[in-house]
Amino acid sequence: MKLLILDRDGVINHDSDAYIKSLDEWIPIPGSIEAIAQLSKAGWTVAVATNQSGIARGYYPLATLEAMHARLRALVAEQGGEVGYIVHCPHGPDDGCDCRKPKPGMLRAIAEHYQVDLAGVWFVGDSKGDLEAALAVDAQPVLVKTGKGQRTLEKGVPQNTLIFDDLAAIARELI
Ligand SMILES: O=P(O)(O)OC[C@@H](O)[C@H]1O[C@@H](OP(=O)(O)O)[C@@H](O)[C@@H](O)[C@@H]1O
Ligand SMILES: [Mg+2]
Ligand SMILES: [Zn+2]
């Protein structure tokens, strides 16, 4: 199975240090919707693993998050593609959950959903926690320079991290 796992904020849509708190604030990064559609039409299953501590912090309700993900699915479907399993961590940094990146709980949930092994599966993120979550389950850490990616790169990334400008560049590489 050709499985690609994406972080959301900073990879699919623009991120903000003030969190993405409403559907209006959820703005796709240029080329990302097209990239997901092209990948899925080329036989890739595209899953998403996203930290959403804004829910625990009370910045937005689950319904708003679900509206963002419905918008993502609709935009990709308009291009003839499909988004796979989306898993989010609604918890805060002090909740001690197993799903908040850098913990790999969400990646393991995706592996369970598809009944696949994560070894070598590309996990694309813009934060150090994304890369660490990938390494924790022997997946391939992949950094994009969008979102917080350039800042993450400047602080240093794990040795075997693959680096791309954006999700569109990853689609060009994989298709
Ligand atoms: O990049 P993904 O995982 O899709 O989502 C990240 C968001 O949940 C938010 O994560 C927060 O980190 P804290 O949760 O406050 O540590 C901050 O980095 C926000 O800027 C960011 O929007
Ligand atoms: Mg991110
Ligand atoms: Zn969690």
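In each ligand, atom 1 is the first atom listed, and ligand 1 is the first ligand listed. Residue numbers run from 1 in the order of the sequence given.
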Item to complete: Below 4.0 angstrom from a heavy atom of Arg57, which ligand 1 atoms are there? Numbered from 1 as shown, please.
Response: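 So the answer, numbered in order with elements, is 13 (P), 15 (O).
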
Discussion item. With heavy-atom distances below 4.0 Å as the criterion, list the atoms of ligand 1 near Arg100.
Written reply: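 Heavy-atom distances to Arg100 below 4.0 Å select 13 (P), 14 (O), 16 (O).
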
Fill in: Step-by-step side-chain contact (heavy atoms from CB on, under 4.5 Å) determination, Leu153 to Ile163
CA-CA 9 Å; Leu153 184 58; Ile163 301 167; 3.4 Å; yes

What is the closest protein heavy atom to [atom], and at what distance does it sit?
atom	result
atom 5 (O) of ligand 1	Asn51 O, 3.0 Å
atom 7 (C) of ligand 1	Asp9 OD2, 3.3 Å
atom 11 (C) of ligand 1	Tyr19 CE2, 3.6 Å
atom 22 (O) of ligand 1	Asp15 OD1, 2.6 Å
atom 4 (O) of ligand 1	Thr50 OG1, 2.6 Å
atom 14 (O) of ligand 1	Ser53 OG, 2.7 Å

Worksheet item: When you look at Gln140 and Val121, which way does the side-chain contact (heavy atoms from CB on, under 4.5 Å) test go after all the steps?
Response: CA-CA 6 Å; Gln140 172 61 55; Val121 171; over 6 Å; no

Worksheet item: Which distance, rounded to the nearest 0.5 Å, do you find between the CH2 of Trp26 and the CG of Leu75?
Response: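 Reported value, rounded in 0.5 Å steps: 5.5 Å.
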
Worksheet item: In Å and rounded to the nearest 0.5 Å, what is the CG to CG distance from Asp138 to Asp117?
Response: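 If we round to the nearest 0.5 Å, Asp138:CG and Asp117:CG are 7.5 Å apart.
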
Worksheet entry | ligand 1 contacted by Gly10 (non-hydrogen, < 4.0 Å) |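 Gly10 does not count as a contact of ligand 1 under the 4.0 Å cut-off.
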
Worksheet item: Would you say His88 touches ligand 1, if touching means a heavy atom closer than 4.0 Å?
Response: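 The answer is no, since His88 has no heavy atom less than 4.0 Å from ligand 1.
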
Any chain of hydrophobic side-chain contacts (each under 4.5 Å) joining [X] to [Y]?
X	Y	answer
Ile86	Leu39	yes
Tyr60	Leu62	yes
Tyr114	Leu107	yes
Leu162	Val124	yes

Is the backbone of [Y] close enough, under 3.5 Å, to the side chain of [X] for a donor and an acceptor to pair up by distance?
X	Y	answer
Gln115	Glu112	yes
Ser127	Gly129	no
Thr152	Asp126	yes

Worksheet item: What protein atoms of element N, O or S are positioned under 2.8 Å from the Mg ion (ligand 2)?
Response: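 Protein N, O or S atoms closer than 2.8 Å to the Mg ion (ligand 2): Asp7 OD2, Asp9 O, Asp126 OD1.
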
Side-chain donor-acceptor pairs of residues 1-12 under 3.5 Å, sequence neighbours excluded:
| from | atom 1 | to | atom 2 | distance (Å) |
| --- | --- | --- | --- | --- |
| Lys2 | NZ | Ala42 | O | 2.8 |
| Asp7 | OD1 | Lys101 | NZ | 2.7 |
| Arg8 | NE | Asn13 | OD1 | 3.4 |
| Arg8 | NH1 | His69 | NE2 | 3.0 |
| Asp9 | OD1 | Asn13 | ND2 | 2.8 |
| Asp9 | OD2 | Gln52 | NE2 | 3.2 |

Worksheet item: Is Ser16 touching ligand 1 with its side chain, its backbone, both, or neither, if touching means heavy atoms under 4.0 Å apart?
Response: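 Just the backbone.
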
Discussion item. Considering the Zn ion (ligand 3), could you give the total of protein N/O/S atoms lying closer than 2.8 Å?
Written reply: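 My tally for this metal is 4.
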
Practice prompt. Determine whether the side chains of Glu154 and Gln150 contain a donor N or O and an acceptor N or O closer than 3.5 Å.
Written response: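 Gln150 and Glu154 do have a side-chain donor-acceptor pair below 3.5 Å.
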
Fill in: Counterpart residues, salt bridge (Lys or Arg N to Asp or Glu O under 4.0 Å), relative to Glu25 (two or more places apart)
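For Glu25 the salt bridge (Lys or Arg N to Asp or Glu O under 4.0 Å) partners, ignoring immediate neighbours, are Lys21.
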
Worksheet item: Which atom pair, heavy atoms only, marks the closest approach of Met106 to Ala49?
Response: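 So the minimum-distance heavy-atom pair works out to CB-CB, 4.0 Å.
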
Worksheet item: Does an N or O anywhere in Asp7 fall below 3.5 Å from an N or O of ligand 1?
Response: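 Between Asp7 and ligand 1, an N or O pair is found under 3.5 Å apart.
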
Worksheet entry | Pick from Gln52, Arg8, Lys101: the one approaching atom 3 (O) of ligand 1 most closely through a non-hydrogen atom |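 The option holding the nearest heavy atom is Lys101.
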
Practice prompt. Test Asp95 against Arg100 for side-chain contact (heavy atoms from CB on, under 4.5 Å), laying out the working first.
Written response: CA-CA 9 Å; Asp95 290 343; Arg100 176 181 162 82; over 6 Å; no

